[in-house]
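Working notes, beginning with the structure itself.
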Amino acid sequence: MKIIWEKTQKLISERVGTQFYELWFKPVELAQIKDGQAVLEIPNRFFKEWIEDGYPGLIPEALKEVTGETLKVKFRMSEKLDAESRKMDNLLENRKTRLASRGIYLNPKYIFQNFVVGDSNRFASAAAEAVAANPGRAYNPLFIYGGVGLGKTHLVSAVGNAVVDRIKNFRVLYVSSEQFTNEVVHAVRHGKTDELKAKYRNLDLLLLDDVQFIENKAATQEELFHTLNALYEGQRQIVISSDRPPKDIKNVTDRLRSRFNMGLIADIQSPEFETKLAIIQKKAEMERIALPPAVVEFLAKKVKSNIRELEGCLIRLAAHSSLTGSPIDVEMTKTILKDIITDDDKPLTVEVIMKAVSEHFGIKLADMKTKKRTKEIALPRQVAMYLARELTEASLSDIGKAAGGKDHATVIYACKQVADRRASNSDFDHMIGSLAGKLKP
């Protein structure tokens, strides 16, 4: 068993990198493999949460590669949980079991009760709750869009969890657009389109996540169009999420885009300072983490990317505190999160802007520096060049060089394109303003 785990750990290290492996996976031990189940011993519940949220399929996949078996992974914590924590874990496990028994694979933690509402997400949250209370009658479809890690999946899943908790025998399906695409391809290839139609067109609630990935996929768009039509005409609820509004999803048919637009469109923006404070406090309360007010304020000010990273920072601090027995304070926070938190005293550089923009659009930084001219790459690159010109003292040639060797004329053109679009598109203008605010508050 020791050899099995050593080989598994080696695979995990190769896939997540040395830093994440050393922090999160090295302390994990394989306790036993029995009856198709691998029991893993972890130091505390924070490891379980971080691994399940960030890399849910990594350990089972690595174990299968090593053993050739499909093993169910179960975590066993070294620390003794207090009664309240154990009660919360049991509630989550019961909901997870109930969902799985109905073939609904929602995250059981994503419920309305732990979604922190602020000015940045109030409208989207209210719309989602209205849909959950009256599916198929209020706002159909509901289309939620926003940047990476801002809570779209949480809200979409909360609708599903609320409906499942309240309505028995309601046919609910949560699916990513990538998975939907794979099912369409498989159905076409193996002549099983009738089975696919029966699966999707008889639902009571379809939760479709990250719909932007259907760009340039003609067969998927065709099947999705007819699926949405069938559900809408049957007054069955549709909830869709995307990283951008329907009008900015390129290379989709006009008739499909019109279906996205025929209900209610709600956006989620980056959280303001007060909402960040509330999110940190809520998460700390849920996880029973002792977090001084000074640390709460420090995190809210310094972590500027998204909510997912903010929560990840908190779990990271709690795990370190639990292992070392040290209380969480500002100095510990600075040390543990030195690779994440920003230093306001450091000058803003073009490279920092390029990295922030690539993260916002969910693309690789390296792709922005290539000669690729696809819309998925060209727009973020133009935005980065525009922000670099607006927020730094860098010359046009330096900006162009950082963006992959572009000349000064290309930089000027990019800046004009972004400026023109800001003037004519309020959503785009808001997004640029939000990005600029995070980079140079």
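The figures here come from the full heavy-atom set of this structure, side chains too, leaving out hydrogens, waters and symmetry mates. This one's a predicted model, so the numbers in the text were calculated from it and none came from an experiment.
Inter-residue side-chain proximity for Leu142 and Ile238 is flagged as unmet; no heavy-atom pair is nearer than 4.5 Å. Side-chain contact check for Val252 versus Asn216: every heavy-atom pair is 4.5 Å or farther apart. Ile353 is listed as a side-chain neighbour of Thr392, based on a closest heavy-atom distance under 4.5 Å. The side-chain heavy atoms of Val164 and Phe170, taken from C-beta on, include no pair separated by under 4.5 Å. Here the side chains of Leu99 and Tyr105 are not in contact, with every heavy-atom distance at 4.5 Å or above. Under the 4.5 Å side-chain criterion, counting only non-hydrogen atoms from C-beta, Lys334 is in contact with Phe298. Contact annotation: the side chain of Gln37 never approaches that of Leu71 to less than 4.5 Å [non-hydrogen atoms, C-beta and beyond]. Put simply, the side chain of Phe428 reaches to within 4.5 Å of the side chain of Leu379, judged on heavy atoms.
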* Please assess Ile432 against Leu387 for the test side chain to side chain contact (heavy atoms under 4.5 Å, CB included), listing each intermediate value before the final yes or no. => CA-CA 8 Å; Ile432 296 295; Leu387 289 172; 4.0 Å; yes

* salt bridge (charged side-chain N to carboxylate O under 4.0 Å, His left out) evaluation trace for Glu272 with Lys276 -> CA-CA 6 Å; Glu272 62 284 353; Lys276 282 186 178 182; over 6 Å; no

* In sequence, state the C-alpha distance, the side-chain angles, and the governing distance for Ser241 and Val211, and then conclude on side chain to side chain contact (heavy atoms under 4.5 Å, CB included). => CA-CA 6 Å; Ser241 85; Val211 77; over 6 Å; no

* Chi angles and distances behind the side chain to side chain contact (heavy atoms under 4.5 Å, CB included) call for Asp267, Gln269 -> CA-CA 6 Å; Asp267 72 320; Gln269 299 292 336; 2.4 Å; yes

* Steps toward salt bridge (charged side-chain N to carboxylate O under 4.0 Å, His left out) verdict (Lys199, Glu195) -> CA-CA 6 Å; Lys199 175 181 178 179; Glu195 292 179 22; over 6 Å; no

* Asked: What do the steps show when you test Asp210 against Ser176 for side chain to side chain donor-acceptor pair (under 3.5 Å), and what is the final call?
  -> CA-CA 6 Å; Asp210 286 324; Ser176 68; over 6 Å; no

* Run the side chain to side chain donor-acceptor pair (under 3.5 Å) check on Asn161 and Arg95 step by step: do they pass? -> CA-CA 9 Å; Asn161 279 318; Arg95 182 181 288 122; 4.6 Å; no

* To do: Determine, step by step, whether Asp204 and Val172 satisfy the side chain to side chain contact (heavy atoms under 4.5 Å, CB included) criterion, reporting the C-alpha distance in whole Å, the side-chain angles of both residues, the deciding distance to 0.1 Å, and the verdict.
  => CA-CA 6 Å; Asp204 295 305; Val172 177; 5.8 Å; no

* **Stepwise side chain to side chain donor-acceptor pair (under 3.5 Å) check, Tyr386 with Arg422** => CA-CA 11 Å; Tyr386 171 86; Arg422 289 192 75 175; 3.1 Å; yes

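Of the possible donor and acceptor atoms, one in the side chain of Gln221 sits under 3.5 Å from a partner among the backbone N and O of Thr253. Side-chain atoms of Asp165 do not come within 3.5 Å of backbone N or O of Ala162 as any donor-acceptor pair. Between the Thr370 side chain and the Ala366 main chain, no donor and acceptor come within less than 3.5 Å of each other. For the pair Arg236 (side chain) and Leu203 (backbone), a donor-acceptor distance under 3.5 Å is present. Here the side chain of Thr333 pairs a donor or acceptor atom with the backbone of Asp329 at under 3.5 angstrom. Remark: the backbone N or O of Pro245 is not paired with any side-chain donor or acceptor of Ser242 at under 3.5 angstrom.
Counting all heavy atoms, side chain and backbone alike, Arg257 lies closest to Ile249 at NH1-O, 2.6 Å. What you find for Ser270 and Ser120 is that their closest heavy atoms are O-CB, 3.4 Å. Across Tyr145 and Arg244, no two heavy atoms sit closer than the pair CB-O, 3.5 Å. Ala319 and Phe46 make their closest contact through N-CD1, 3.9 Å (heavy atoms, listed as atom of the first residue, atom of the second, distance). Minimum heavy-atom separation, Leu63 to Ala38: CD1-CB, 3.8 Å. The minimum heavy-atom distance between Ala132 and Phe112, with the atom names listed, is CB-CE1, 3.8 Å.
In the model, Ser157 has no side-chain atom that pairs as donor or acceptor with a side-chain atom of Asn107 under 3.5 Å. A donor atom on one side chain and an acceptor atom on the other are found under 3.5 Å apart for Glu183 and Gln179. If you check the side chains of Asn202 and Arg171, you find no donor sitting under 3.5 Å from an acceptor. Between the side chains of His154 and Asn114, at least one donor N or O sits under 3.5 Å from an acceptor N or O. Between the side chains of Gln237 and Asn140, at least one donor N or O sits under 3.5 Å from an acceptor N or O.
Aromatic rings from Phe47 and Phe25 are positioned such that their centres are separated by 6.0 Å or more. Taking the ring centroids of Tyr55 and Trp24, they lie at or beyond the 6.0 Å cut-off.
Of the charged side-chain nitrogens involved, none lies within less than 4.0 Å of a carboxylate oxygen, so that Lys250 and Glu215 do not count as a salt-bridged pair. Contact check on Lys369 versus Glu351 returns a salt bridge, with a Lys/Arg side-chain nitrogen under 4.0 Å from an Asp/Glu carboxylate oxygen. Ion pairing between Arg201 and Glu223 holds under the 4.0 Å rule for side-chain N and carboxylate O. Remark: Glu52 engages Lys48 in a salt bridge, criterion side-chain N to carboxylate O under 4.0 Å.
Here Leu310 contributes atom CG and Thr275 contributes atom OG1; the two are 11.0 Å apart, rounded to the nearest 0.5 Å. Taking CZ of Arg389 as the reference point, atom CD1 of Ile399 lies at 7.5 Å (rounded to 0.5 Å). The distance from the CG atom of Asp248 to the CG atom of Asn425 is 6.0 Å, given to the nearest 0.5 Å. Note that NE2 of His226 is 10.5 Å distant from CG of Leu256, once rounded to the nearest 0.5 Å. The distance from atom OH of Tyr174 to atom CD1 of Ile104, rounded to the nearest 0.5 Å, is 13.5 Å. Atom CG of Leu435 sits about 11.5 Å away from atom NE2 of His430, to the nearest 0.5 Å.
For the side chain to side chain contact (heavy atoms under 4.5 Å, CB included) test with Ile289, the passing option among Leu314, Ile280, Val295, Leu317 is Leu314; the others fail. Checking Arg255, Lys197, Lys217 one by one against Glu222, the salt bridge (charged side-chain N to carboxylate O under 4.0 Å, His left out) holds for a single residue, Arg255.
Open room surrounds OH on Tyr139; 12 or fewer heavy atoms of other groups in view lie less than 6.0 Å from it. Heavy atoms of other residues, nucleotides or ligands lying less than 6.0 angstrom from CZ of Phe273 number more than 12. With a 6.0 Å radius and a threshold of 12 heavy atoms from other residues, nucleotides or ligands, Lys364 has its NZ atom at or below the threshold. Open room surrounds OH on Tyr232; 12 or fewer heavy atoms of other groups in view lie less than 6.0 Å from it.
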